Amino acid sequence: MSALEPKLQSIYELVLQRNPGETEFHQAVREVLDSLGPVMAKHAAYTDARVIERICEPERQIIFRVPWVDDNGRIEIHRGFRVEFNSALGPYKGGLRFHPSVYLGIVKFLGFEQIFKNALTGLPIGGGKGGSDFDPKGRSDGEVMRFCQSFMTELYRHIGEYTDVPAGDVGVGGREIGYLFGQYKRITNRYESGVLTGKGVGWGGSLVRTEATGYGTVYFVDEMLRTRGGSLDGKRVLVSGSGNVAIYAIEKVHELGGTVVACSDSGGYVVEEKGIDVELLKEVKEVRRGRMTDYADARGSGANHVAGGRIWEVPCDVALPSATQNEIEEADARRLVDHGCVAVAEGANMPTTPAATQIFAEAGVLFGPGKAANAGGVATSALEMQQNASRDSWTFDYTQDRLAEIMKGIHERCAATADEYDVPGNYVVGANAAAFVQVADAMLALGVV
Ligand code: NDP
């Protein structure tokens, strides 16, 4: 990573000092600051108005106790978070993550990224994120329900369709959103559909929301490949993870003529030269809540499960990291480049370490950062809010066309902004600069807020 200009360096040092120990948040801020030198040179008003310093400070941070009773009658205590980061463009919008690794630094990194991602969609949504250190894995439906009810019993007072609209993320899918919405409705006595997104399609949800992040990431990578006269057709692809983003990324790659030869979970990866059977994967992961070992067992001899291995050691043309933060490290990036990988798009949030990103840049690998490449999920959440506000529901094809159009628009915006700042093809600078300028201009217009 290159040195920051003195002004940006002093802002970064302030962030380090004011947010001790929050390493993921530091990394997310640093990655944006790295792109902002030329932007600040062009817009002196941002420096005078201390826009960056304000953007790095959340508007509001809520931390709360979540007590609940497990199936054995034992009282469990978890910690809940909601960071309402920036509402210059619209109500705070961003998912909830339930995972044992969740602490304030993770929520802040995700919330910070979300501000810029949401701006890139071109839709009127601000940035926020939340979650808990609760792990739904291995819990009964009754336990998950009681946890969600307790979580919402505190969260409800902070959210609302014009205030803050949470959604799912890691560990929070349709089941959890259902329990959360049910409790919100009960406490407030309002059928306020627009307060949460990711709802079931029968009760206010949008078609395509489940598929949107994975599909959107694949549309984005296809657009990147087209700038060099290629496409996904015939490409060998790796998709890490096997959750919501990964499953629908695999489905769309196959639809566009590529072959996903490997996917993973935290226990290891499965390689299958003929291509992952996505219908079976959905059955194992979404219905049975099983593991990649269960998928490999069901698939038989064609699928090889590598316990504890790193998926990036499998040769590929395109890599779509869709599991978790910092999952592609320097050595993984080198291996991908050595094997001839030509494009990487981040389905997950910040899955590539700064050193790995640098290696891709030096090798001329097309690189789509998460805040652009995985923005299809939140964009479709905003489409869900539109349908809720107009008491309407759109068809699958219409919604999918809107998603494809939005992803194309994000790609064009990032590419055009990279050109404007003389770094053609650099989607990291393109995404950060385009999004930052939009949020900063809104903040200037709104006064010192
Ligand atoms: P899920 O909980 O549905 O799936 C996460 C998947 O990643 C699981 O298969 C999990 O395996 C796997 N995983 C976690 N840690 C590792 C690891 N160290 N190595 C390999 N696999 C791992 O989450 P989502 O699919 O919703 O989210 C994935 C990423 O995408 C996150 O970064 C999220 O923030 C981001 N994202 C999600 C959006 C959405 O709409 N869902 C929108 C935008 C971004 P295991 O079961 O073993 O833990």
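Every value quoted in this text rests on a predicted model; they were computed, and no experiment measured them. In each ligand, atom 1 is the first atom listed, and ligand 1 is the first ligand listed.
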Discussion item. Side chains of Lys199 and Asn388 only: does a donor on one sit below 3.5 Å from an acceptor on the other?
Written reply: yes
Item to complete: Answer yes if the side chains of Lys285 and Asn244 hold a donor-acceptor pair under 3.5 Å, and no otherwise.
Response: no
Worksheet entry | ring pair (Phe, Tyr, Trp, His ring centres under 6.0 Å) partners of Tyr103, counting only residues at least two apart | none
Item to complete: May I ask you to decide if Ala355's main-chain N or O and Glu330's side chain share a donor-acceptor pair within less than 3.5 Å?
Response: no
Fill in: Salt-bridge contact Glu279-Lys282 (side-chain N to carboxylate O under 4.0 Å)
yes
Discussion item. For Glu24 and Asn326, which I'm curious about, is there any donor-acceptor pair between the side chains at under 3.5 Å?
Written reply: no
Discussion item. Can you work out which protein residues put a heavy atom within less than 4.0 Å of ligand 1?
Written reply: Arg97, Lys117, Lys137, Asp169, Val170, Gly171, Arg209, Thr213, Gly241, Ser242, Gly243, Asn244, Val245, Ser264, Asp265, Ser266, Arg291, Ser322, Ala323, Thr324, Gly347, Ala348, Asn349, Asn374
